[in-house]
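What follows is a set of notes on a single structure, which appears directly below.
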Protein chains: 2
Amino acid sequence: MRILIAENDAALGAFLQQGFQTERYAVDLTDDGQRAAALAGGNIYDAAILDLNLAQHGGIDLLRSVRAKRELLPILVLANQTGPQERAEMLDAGADDLVLKPFALSELSARVRALLRRGGRSAEAVLCVEDLELSRLERTVKRAGRSIELTPKEFALLEYLMRNSGERVTRAQIVRHVWNLSFDTMTNVVDVYINYLRKKVDSSSEHKLIHTVRGVGYQLRAHDTARPAASRAVAAS
Amino acid sequence: MRILIAENDAALGAFLQQGFQTERYAVDLTDDGQRAAALAGGNIYDAAILDLNLAQHGGIDLLRSVRAKRELLPILVLANQTGPQERAEMLDAGADDLVLKPFALSELSARVRALLRRGGRSAEAVLCVEDLELSRLERTVKRAGRSIELTPKEFALLEYLMRNSGERVTRAQIVRHVWNLSFDTMTNVVDVYINYLRKKVDSSSEHKLIHTVRGVGYQLRAHDTARPAASRAVAAS
DNA sequence: GAGCACTCATGAGAATTCTTATTGCTGAAA
DNA sequence: TTTCAGCAATAAGAATTCTCATGAGTGCTC
């Protein structure tokens, strides 16, 4: 796997290069937008990480010109804190994912893996289940149009549930993906966070989306499609 | 790079295998101690990760028999929360590093990398600078024999400073290694944590170990060996 | 149906991390 | 020497995460 990194800050660039090399990627690093676009055209990369804040030929133009050369190349953009319309602009210009600074290397690397796995255009930037909407890029959540404030952990948990909506997920799976832990925590952290989410996401609405699957774990599901299960279903308050 | 993983819990085993495979390691997985020892003897591994809690031939005997076959193989042990004497026993039996459950995959992977880099016996299990002592395995810190309680972040920061004692480290370096962030946080978290550490580590002692390097960052150094620098040095209270 | 064991929900609070604002110090220029 | 700007130290408090204990619900057995 060969990836292209365009990064202006030399220290950060070296940091990224080293980080990805330890994960056994071949990494090419440049701090020049022209060169980045030229390299990308060479057709040898499996993905590109572009910091749009370059001295030479940076910004959204860089993104556009790289995208123009390789229609299907997975592109991940690094950006500073930006407004919603800027983010939208980047997606329009062809970014597949967006990571805001400051970021953890492990997160960036996970995002790159995800991009490589599904190869290109994400289409998963916004997750929807019924009237619940989660935008990973803008880091916002809305229920029936009303926006909801979530803490980082809550957000990660909801994202995981939505990404697996309709599926039952065990506490162990949740701990692994959301907490990045290898093991069941002897405590009930997961339950507690589910409780937090329910208060913020489900309490205001008739349709409960977060369901408990007794003896197994939890499930986020629209209406009562899958598994009507027992008789009481939605009924009862 | 080929690593051997001995793990009883099938789900955890698969999780580890997948995790390390995404980092491009060749991974062999077994849940049988006999087999693990036999495989290790085969001389093809660069490192081993052993969960001592196996059904077949597990425990400290497994560790001993793997170590007997390969004197220099880097071995990392996974264990449940244990008492200090058990940990010491594991080190005696030949473990190079010890990771307690539950752990983050990223941490385990970082530890494996570190082991591979320095190839085998750690010797870095305990860090010492003057009368300050930090034991990574027991996760304890002592100053002049008196033990000090640190939070996880404080511990990680002190470990980083001690590992680079005598060197000046910038805030950016600290943020990268201790926070695993790619970027300067616009805030002064580092300063704040240095302050916490000073209170816990330096306040009770005459010899200050944590020094500020103005315009650069910080430095942990014994007495006043390196860089006597300005005239006021230690003087003044 | 009553009792029981088990699982999950919830409340409360502690520990930790992080942010912000203010104060203090240092070194350089006037 | 005085003044000033920039950097660092500190205090205070807010936000988040996590733990623990208790209470409620569920399904099983008798």
Side-chain angles (χ1 to χ4, degrees), chain A residues 81 102-104 139 148-158 161 168-172 174-175 178-181 183-203 208 210-220 229-233 235-237, chain B residues 81 101-104 139 148-158 160-161 168-172 174-175 178-181 183-203 208 210-220 229-233 235-237:
Chain A
Q81 300 293 335
F103 53 83
R139 223 194 149 287
I148 297 175
E149 292 290 318
L150 297 182
T151 71
K153 269 273 165 0
E154 290 166 356
F155 188 87
L157 174 56
L158 183 59
L161 291 175
R168 308 140 140 219
V169 292
T170 67
R171 289 184 178 74
I174 292 175
V175 165
V178 178
W179 271 261
N180 279 306
L181 281 180
F183 212 62
D184 292 305
T185 53
M186 316 298 267
T187 71
N188 67 339
V189 226
V190 174
D191 303 49
V192 171
Y193 271 82
I194 288 282
N195 191 28
Y196 292 163
L197 271 189
R198 278 182 165 146
K199 280 184 186 161
K200 293 190 178 180
V201 169
D202 259 354
S203 72
K208 305 302 183 194
I210 301 174
H211 301 264
T212 303
V213 185
R214 207 182 160 77
V216 177
Y218 297 94
Q219 183 181 31
L220 190 143
S231 52
R232 66 185 58 72
S237 76
Chain B
Q81 299 295 334
K101 301 176 188 177
F103 53 83
R139 223 193 150 288
I148 298 175
E149 292 290 318
L150 297 182
T151 71
K153 269 274 172 337
E154 290 167 355
F155 188 88
L157 174 56
L158 182 59
Y160 182 68
L161 291 175
R168 307 141 140 217
V169 292
T170 67
R171 290 184 178 71
I174 292 175
V175 165
V178 178
W179 273 260
N180 280 306
L181 282 178
F183 212 63
D184 292 306
T185 52
M186 317 297 267
T187 71
N188 68 339
V189 226
V190 175
D191 302 50
V192 171
Y193 271 83
I194 288 282
N195 193 26
Y196 292 164
L197 270 189
R198 278 179 165 148
K199 280 182 187 161
K200 293 191 179 180
V201 170
D202 258 354
S203 71
K208 305 302 183 195
I210 302 173
H211 301 264
T212 304
V213 185
R214 206 181 163 79
V216 178
Y218 298 94
Q219 183 181 31
L220 190 143
S231 53
R232 68 185 56 72
S237 75

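Quick note on labels: first sequence line is chain A, next is B, and so on, each numbered from 1.
Minimum interatomic distance between A/E154 and A/K200 (heavy atoms only, all atoms of both residues): OE1-NZ, 2.8 Å. Here the closest non-hydrogen pair linking B/I148 and B/V201 is CD1-CA, 4.1 Å.
Atom pair B/D202:CG and D/dA8:P shows a separation of 18 Å (rounding to whole Å applied). A/F155 places its CZ atom 13 Å from the P atom of D/dT17, with the value rounded to the nearest Å. Look at NE2 on B/H211: it is 15 Å from P on C/dT26, rounded to the nearest Å. In this structure, the CG atom of B/N195 is 14 Å from the P atom of D/dA8, given to the nearest Å. The CG-C1' distance, from A/L197 to D/dT16, rounds to 14 Å in whole Å. A straight line from CD of A/Q219 to P of C/dC8 spans 14 Å, rounded to a whole angstrom. Separating the NZ atom of B/K200 from the P atom of C/dA15 is a distance of 11 Å, rounded to the nearest angstrom. Between A/D191 atom CG and D/dG25 atom P there is a gap of 16 Å when expressed in whole angstrom units.
With distances taken from any side-chain atom of A/T187 to the nucleotides D/dA9, D/dC20, C/dC8, the minimum falls on D/dC20. Which of C/dG13, D/dT10, D/dT16 sits closest to the side chain of A/Y196 comes down to C/dG13. Nearest nucleotide to the B/N188 side chain, out of C/dG11, C/dT19, C/dT20: C/dT20.
Side-chain nitrogen and oxygen atoms of B/T151 include at least one within less than 4.0 Å of the OP1 or OP2 phosphate oxygen of C/dT17. Listed pair A/T212 / C/dA9 meets the phosphate criterion, a side-chain N or O lying under 4.0 Å from OP1 or OP2. The side chain of A/Y218 places an N or O atom within less than 4.0 Å of a non-bridging phosphate oxygen (OP1 or OP2) of C/dA9. OP1 or OP2 of D/dC18 has at least one side-chain nitrogen or oxygen of A/W179 nearer than 4.0 Å.
Under a 3.5 Å cut-off, the side chain of B/D202 and the backbone N or O of B/K208 do not form any donor-acceptor pair.
Note that the OH atom of B/Y218 and the CZ atom of B/R198 stand 6.0 Å from one another [nearest 0.5 Å].
Comparing B/K199 and A/E154 against DNA chain D, the residue whose closest nucleotide sits nearer the 5' end is B/K199.
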Find every protein N or O atom lying less than 3.5 Å from an N or O atom of nucleotides 2-7 of chain C, and list the pairs.
from, atom 1, to, atom 2, distance (Å)
C/dT7, O4', A/R214, NH2, 3.3

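Contact check for B/Y196 versus B/T151: no side-chain heavy atoms found under the 4.5 Å cut-off. Contact annotation: the side chain of A/I174 approaches that of A/W179 to within less than 4.5 Å [non-hydrogen atoms, C-beta and beyond].
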